[in-house]
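Not measured: the values here are computed from a predicted model. All ligand and atom numbering here is 1-based and tracks the order in the structure. Computed over heavy atoms, backbone and side chain alike; hydrogens, waters and symmetry mates excluded.
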Amino acid sequence: MTAPRLEIDLAAVAHNARSLVDRLAPRGIRVTGVSKALLGAPGVAGALLSGGVLGLGDSRVENLERLRAGGLRDPLTLIRSPMLSQVARTVRVAGSSLVTEAVVLDALGVAATRQGLVHAVVLMVELGDLREGVPADEVADLARTVEHRTGLRLAGIGTNLACHSGVVPDQHSMDELSRLAEKVEAACGHPLTIVSGGNSATIDWALSTADVGRIDELRLGEAILLGTEPLHRRVLDGLRTDAFTLVAEVIEARPKPAQPWGEIAQSAFGAPPRRPASGTVNQVIVALGRQDTDPDGLSPPDGVTVLGTSSDHLVLDVGDHDVCVGDEISFGLDYGALVRAATSPFVTSVEHTAAL
Ligand SMILES: *Cc1c(COP(=O)(O)O)cnc(C)c1O
């Protein structure tokens with residue numbers, strides 16, 4: 001089989017989606033499945049939907065277009081504020097988007113009107129993580145203006161924490177979002193249909209709080225795909241962590257001295273690799289590198305250590321394992337490694353559907 005390849009267990013993705021959907025539902029929280037890490041792969045989208053998510057979100061118009069081209073009819077949301085240069089494509093492919101700028105609202109309204117559509121808007125509020133968001137004291141005023149534009153409907157408000165500065169979503173920030181939801185409703189004179197509490201980093205709060213307030217939706221990618229929460233990369237109860245495996249092929253297997261010889265300066269990517277002090281290393285090279293994934297985010301099999309990496313070579317100490325040229329070695333991936341593998345033109349994605 002071709003290598004490197006990203007093997008995707010769709011049953012594991014569907015299981016994780018179902019598990020989170022079922023645990024959040026009694027708390028009044030629905031789930032939008034976020035497909036951006038996989039370029040909007042239709043198989044993964046199908047697994048998310050079969051797990052009960054209410055719709056899909058992606059940060060790229062191109063990925064949403066791929067989902068629609070695959071025949072998907074479910075609600076789609078653009079979860080990155082639309083580029084002005086892409087508003088026409090945005091309203092064509094997505095029923096809603098997360099927005100932070102008045103000028104983008106103007107452009108979306110014009111584009112939607114031109115296409116005879118009404119586009120739903122979720123205004124994102126800045127609550128301290130310092131990525132996207134309208135200042136809290138401006139959100140009601142901006143919300144009031146949304147529906148002055150033909151072609152737009154205000155669906156709700158949302159926030160995104162933990163992505164840029166690592167700010168932890170907590171009762172304080174979620175209470176503030178709830179208060180803002182009520183302020184916006186008073187300003188606009190109608191109820192909001194969505195108060196979006198955040199990404200996978202908000203799951204711990206959502207499952208443990210005594211009071212979800214007005215939060216009624218989360219946008220979940222990593223937790224469903226990898227079974228982990230992003231704040232401490234802890235495995236979430238009952239979730240599978242084996243949905244994705246990166247398989248690479250061995251191109252050299254030769255015992256090598258523990259230490260290099262000759263004068264030592266920088267290697268291709270800065271610091272020289274860490275190697276044992278003395279003796280011989282059972283060294284193996286697999287055809288995998290920085291052009292395929294983020295090597296720092298790989299988990300090798302038990303008894304195998306990563307000694308170093310370049311654009312195209314991953315150098316391993318395989319310890320007691322008996323490994324030959326042509327063998328394949330499988331790695332687990334963190335979110336960064338997964339995104340890089342899924343977007344590398346050198347890595348083939350293989351979806352397993354049998355168990356679905
Ligand atoms: C990527 C992203 C998400 C999903 O984040 P995960 O940590 O993968 O759950 C949610 N919302 C926004 C705005 C995003 O950019």
Atom 13 (C) of ligand 1 - nearest protein heavy atom and its distance
Ile79 O, 3.3 Å
Ligand 1 atoms in contact with Lys36 (distance to a heavy atom under 4.0 Å):
1 (C), 2 (C), 3 (C), 14 (C), 15 (O)
Selection residues 123-133 - residue pairs positive for side chain to side chain donor-acceptor pair (under 3.5 Å), sequence neighbours left out:
none
Where is the nearest protein heavy atom to atom 5 (O) of ligand 1: which residue, which atom, and how far?
Asn199 CB, 3.2 Å
Connected-component partners of Val118 among ILVMFWY, side-chain separation under 4.5 Å:
none
Top protein contact for atom 12 (C) of ligand 1, by heavy-atom distance
Asn160 OD1, 3.5 Å
Hey, does Ser200 come in under 3.5 Å of ligand 1, counting only N/O atoms on both sides?
yes
Determine, using heavy atoms of Glu229 and all atoms of ligand 1, whether some pair is separated by less than 4.0 Å.
no
Identify the closest protein heavy atom to atom 11 (N) of ligand 1: which residue and atom is it, and at what distance?
Arg219 NE, 2.8 Å
Enumerate the atoms of ligand 1 whose separation from the nearest heavy atom of Glu132 is less than 4.0 angstrom.
13 (C)
Only heavy atoms of Leu220, strictly under 4.0 Å: list the atoms of ligand 1 that pass.
9 (O)
For Arg60, I'd like to know if atom CZ has over 12 heavy atoms of other residues, nucleotides or ligands within 6.0 Å.
no
Atom indices of ligand 1 within 4.0 angstrom of Glu222 heavy atoms, with elements
6 (P), 8 (O), 9 (O)
NE2 of His172: more than 12 outside heavy atoms within 6.0 angstrom?
no
Between Gly221 and ligand 1, is there a nitrogen or oxygen pair with a distance under 3.5 Å?
yes
Quick one: do the His119 and Ser96 side chains pair a donor with an acceptor below 3.5 Å?
no
Could you tell me whether the side chains of Arg149 and Thr145 share a donor-acceptor contact shorter than 3.5 Å?
yes
Is it true that atom CZ of Arg27 has more than 12 heavy atoms of other residues, nucleotides or ligands lying nearer than 6.0 Å?
yes
Assess whether atom CG of Asp237 is packed by more than 12 heavy atoms of other residues, nucleotides or ligands within 6.0 Å.
no
